[in-house]
Amino acid sequence: MILRVTGLDHVQITAPEELVDEVLDYYRDCLGLEALDKPEGTSAAGGWFRIGLAELHISVTPDNLPKIAYFGITVDDFGATVERLRECG
C-alpha cells in the first residue's frame with residue numbers, strides 16, 4: 001500500500017521564553033492569525049493559531065531548538081503581504 005498525504009494538519013515551532021510574547025503578537029497582530037484555545041493537558045506556555053484548515057503550534061523551549069524550523073504559507077496578494085511584513089519588521 002502506498003501512503004498518500006492529503007493535507008497538512010499542523011506545524012510545530014518553538015520560541016525562546018524571553019521572546020514568546022513578541023512571537024505570539026507577531027502571528028496574531030501582524031499576520032492576523034486566529035488564536036485558538038489550547039486543549040486541556042497541554043502546556044500553558046506558547047500558543048496555537050488557525051491557518052486555513054491547518055494550525056500553527058508555538059511552544060516555549062529554553063534553548064529554542066531546532067535551529068531550523070519554517071513553514072510556507074499561501075497568500076492572495078503577494079505585494080501587499082511583502083509590504084505588511086516589512087512594516088512589521
As an exercise, state the distance from [atom1] of [X] to [atom2] of [Y], rounded to the nearest 0.5 Å.
X   : Y   : atom1 : atom2 : answer
I58 : W48 : CD1   : CH2   : 12.0 Å
L24 : L33 : CG    : CG    : 11.0 Å
S59 : E17 : OG    : CD    : 12.0 Å

[X] and [Y]: which non-hydrogen atoms are nearest, and at how many Å?
X   : Y   : result
A15 : V23 : CB-CG2, 4.0 Å
V60 : A45 : CG2-CB, 3.7 Å
C88 : Y26 : CB-CE1, 4.0 Å

- Task: Could you pull out all residues at least two apart from H10 that satisfy ring-ring contact (aromatic ring centres under 6.0 Å, His included)?
- Result: H57

- Of the options L31, V11, L56, which is the one that meets I51 in a side chain to side chain contact (heavy atoms under 4.5 Å, CB included)? L56

- Item | Salt-bridge contact R86-E83 (side-chain N to carboxylate O under 4.0 Å) | no

- Message: Could you work out, with side chain to side chain contact (heavy atoms under 4.5 Å, CB included) as the rule, every residue matching E34, not counting sequence neighbours?
- Response: L36, R50

- Task: Please indicate whether D29 has more than 12 foreign heavy atoms, meaning atoms of other residues, nucleotides or ligands, lying under 6.0 Å from its CG.
- Result: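 Yes - once you tally the heavy atoms of other residues, nucleotides and ligands closer than 6.0 Å, there are more than 12.
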
- Query: Listed by chain and number, what are the side-chain hydrogen bond (donor to acceptor under 3.5 Å, both in side chains) partners of D25, not counting sequence neighbours?
  - Reply: R28

